[in-house]
Amino acid sequence: MMNTLQGKRILLGISGGIAAYKSADLTRRLREHGASVRVVMTRSACEFITPLTMQALSGQPVHVELLDYKTEGAMGHIDLARWADVILVAPASANFMARLAHGQADDLLSTLCLASSVSITLAPAMNQQMWQNPATQANVTLLRDRGVTLLGPATGGQACGETGPGRMLEPLELVDALARGFISDRLSGLKLVITAGPTREAIDPVRYISNRSSGRMGYAVARAAAEAGGNVVLVSGPTQLHQPERIRCQPVTTAAEMHDAVMREIEDAEIFIAAAAVADYRCSQAAIQKIKKDNDELTLLLEKNPDILAAVAARKLPPFTVGFAAETENLLNYAQQKLFNKKLDMIAANQVGMNQGFDTEDNELQVIWSGGSIKLERAPKDRLARQLIRLIADRYHEKNTTQTH
Ligand code: PMT
């Protein structure tokens, strides 16, 4: 199974309870799996385990106070809420669950849970009577109904000497459950061809025309598609990125090579996603030798490259075809035109500029299809990619059900 925790940002909340000591090992295990962990502790958690321990294990400052000028300077509480891919509260005490169920924001951890749009997972830990109390059970129902995931509690001997349900799951059980939460099988059995990165068009043996695409967006989409069970072929222009695991990579340099690689792979693909920034033009005749700078002016004759996205969409039996639109102005208009002119199923439009879209950690997307559109708010590219893949999977399955009925 692929390691779905690699690169994930986990906000680990620790509330007060004896099981807090297990959160130290949990942090270590999560980091061993490649996740970044930032720890937020309630004040009563600090009675059971010190922030210093958690700071040493997470390698990051630990946050306790809602308004702390030191940590706010480094990463404010709203930034922290935006940073996370998932919030895991372990241990989640009866008191913390009650506060969360009733929407209280009277400390940093409960405020973060309210201020974040990512999923919340709780690992309850408490005395068995407290767990079974109707008040706690009512809170559990309320939280579950709102989409909060509960892992555990386990049944067994408790620190207080009693036996029953209320023990926090062991760190490795929590790690496995969290990893499974990042997997979905929405794309299982489907082949996806995804393009990423820039292309390079030679001017002479040492110079080329290219653009500022880093490949991050396309690679994030490829990883998200593989996490969702897809069989992914990534056709990538030159980038500095590592080849993602469980993904077949086809490295290319020019637009013509990208076109040929896509056409070879597309025959049996169900979904095509064009995230690459393909050079629109190439030199009609690249010079065989290095061009000398003898003249004050140099004219290059350029000719149009093949439009890979349009070529895929124009096939007799096209796959579900998703384009990107990178625009510096009139984003929505141009994106709509591309959706229509190229006969696409969906388009993800991003505003680009000097510090926007290209070669950045974050992005924001306006996703448009024939029946609707949705704005995916600014977020790290990995998270946006997962949201985009969910949309693509939904629309793909919707289209296929309507076509087969
Ligand atoms: O790589 P990053 O640094 O993470 O940056 C991400 C990104 C900004 C490059 C990415 O989000 C993005 O917008 N990719 C598409 C960039 C682009 O070339 O957009 P466009 O509007 O010029 O092209 C429209 C669509 O046609 C794109 O899906 C493109 O892949 C496709 N195309 C364009 C020209 C061509 N010859 N063949 C194509 O397939």
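First listed ligand is number 1; within each ligand, the first listed atom is number 1.
- Looking at atom 7 (C) of ligand 1, its nearest protein heavy atom turns out to be N350 OD1, 4.2 Å.
- A salt bridge does not link E267 with R264: none of the charged nitrogens is closer than 4.0 Å to a carboxylate oxygen.
- Against a heavy-atom cut-off of under 4.0 Å, K381 is close to the following atoms of ligand 1: 2 (P), 3 (O), 4 (O), 5 (O).
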Identify every side-chain donor-acceptor pair in residues 84-97 under 3.5 Å, counting partners at least two apart or on other chains, and give the distances.
unit_1	atom_1	unit_2	atom_2	d
D85	OD1	R383	NE	3.4
D85	OD2	R9	N	2.8
S93	OG	F96	N	3.0

Using side-chain contact (heavy atoms from CB on, under 4.5 Å), reason through I368 and M346 one step at a time and then give a plain yes or no. CA-CA 6 Å; I368 311 170; M346 188 184 267; over 6 Å; no
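- When R212, Q351, K338 are checked for heavy-atom proximity to atom 22 (O) of ligand 1, K338 turns out nearest.
- Atom CG of L100 is separated from atom CD1 of I120 by 5.5 Å, given to the nearest 0.5 angstrom.
- Any N or O atom pair closer than 3.5 Å counts here, and I308 shares at least one such pair with ligand 1.
- With ligand atoms numbered from 1 in the order given, ligand 1 contributes 35 (C), 36 (N), 37 (N) to contacts under 4.0 Å with heavy atoms of P306.
- Of the options A325, A335, A276, the smallest heavy-atom separation from atom 17 (C) of ligand 1 is shown by A276.
- If you number the atoms of ligand 1 from 1 as listed, the ones under 4.0 Å from a heavy atom of R216 come out as 1 (O), 2 (P), 4 (O).
- Residue contacts with ligand 1, taken as heavy atom pairs separated by less than 4.0 Å, involve S214 via backbone and side-chain atoms alike.
- Listed by number with element, the atoms of ligand 1 under 4.0 Å from a non-hydrogen atom of G215 are 1 (O), 2 (P), 3 (O).
- Atom CD of E303 has more than 12 heavy atoms from other residues, nucleotides or ligands within 6.0 Å.
- Side-chain contact check for Q55 versus Q60: every heavy-atom pair is 4.5 Å or farther apart.
- When each of R212, R216, M217 is tested with S214 by the rule side chain to side chain contact (heavy atoms under 4.5 Å, CB included), just one qualifies, namely R216.
- The shortest side-chain heavy-atom distance between E364 and Q351 does not fall under the 4.5 Å cut-off.
- Between the choices A326, A385, P198, S213, the shortest heavy-atom distance to atom 1 (O) of ligand 1 belongs to S213.
- When each atom of ligand 1 is checked for a heavy atom of D280 under 4.0 Å away, the hits are 34 (C).
- By the 3.5 Å distance cut-off applied to N or O atoms, M217 is counted among the residues near ligand 1.
- Between G218 and ligand 1, no N or O atom pair is found at a separation short of 3.5 Å.
- Checking L332, I347, I374, L376 one by one against Q366, the side chain to side chain contact (heavy atoms under 4.5 Å, CB included) holds for a single residue, L332.
- Set against the non-hydrogen atoms of A274, the atoms of ligand 1 under 4.0 Å away are 27 (C), 28 (O), 30 (O).
- Listed by atom number, the atoms of ligand 1 under 4.0 Å from A275 heavy atoms are 10 (C), 12 (C), 14 (N), 15 (C).
- Taking 4.0 Å as the cut-off between side-chain N and carboxylate O, D176 and R180 do not count as a salt-bridged pair.
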Which pairs of donor and acceptor atoms, one on a side chain in residues 197-207, lie under 3.5 Å apart (sequence neighbours left out)?
unit_1	atom_1	unit_2	atom_2	d
T199	OG1	E201	OE2	2.8
T199	OG1	A279	N	3.0
R200	NE	Y208	OH	3.4
E201	OE2	A255	N	3.0
D204	OD1	V206	N	2.9
D204	OD1	R207	N	2.9
D204	OD2	R207	NH1	2.5
D204	OD2	I291	N	2.9
R207	NH1	I291	O	3.3

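- Taking only nitrogen or oxygen atoms, main chain and side chain alike, F324 reaches within less than 3.5 Å of ligand 1.
- Per-residue contacts place G323 under 4.0 angstrom from the following atoms of ligand 1 (heavy atoms of the residue considered): 28 (O).
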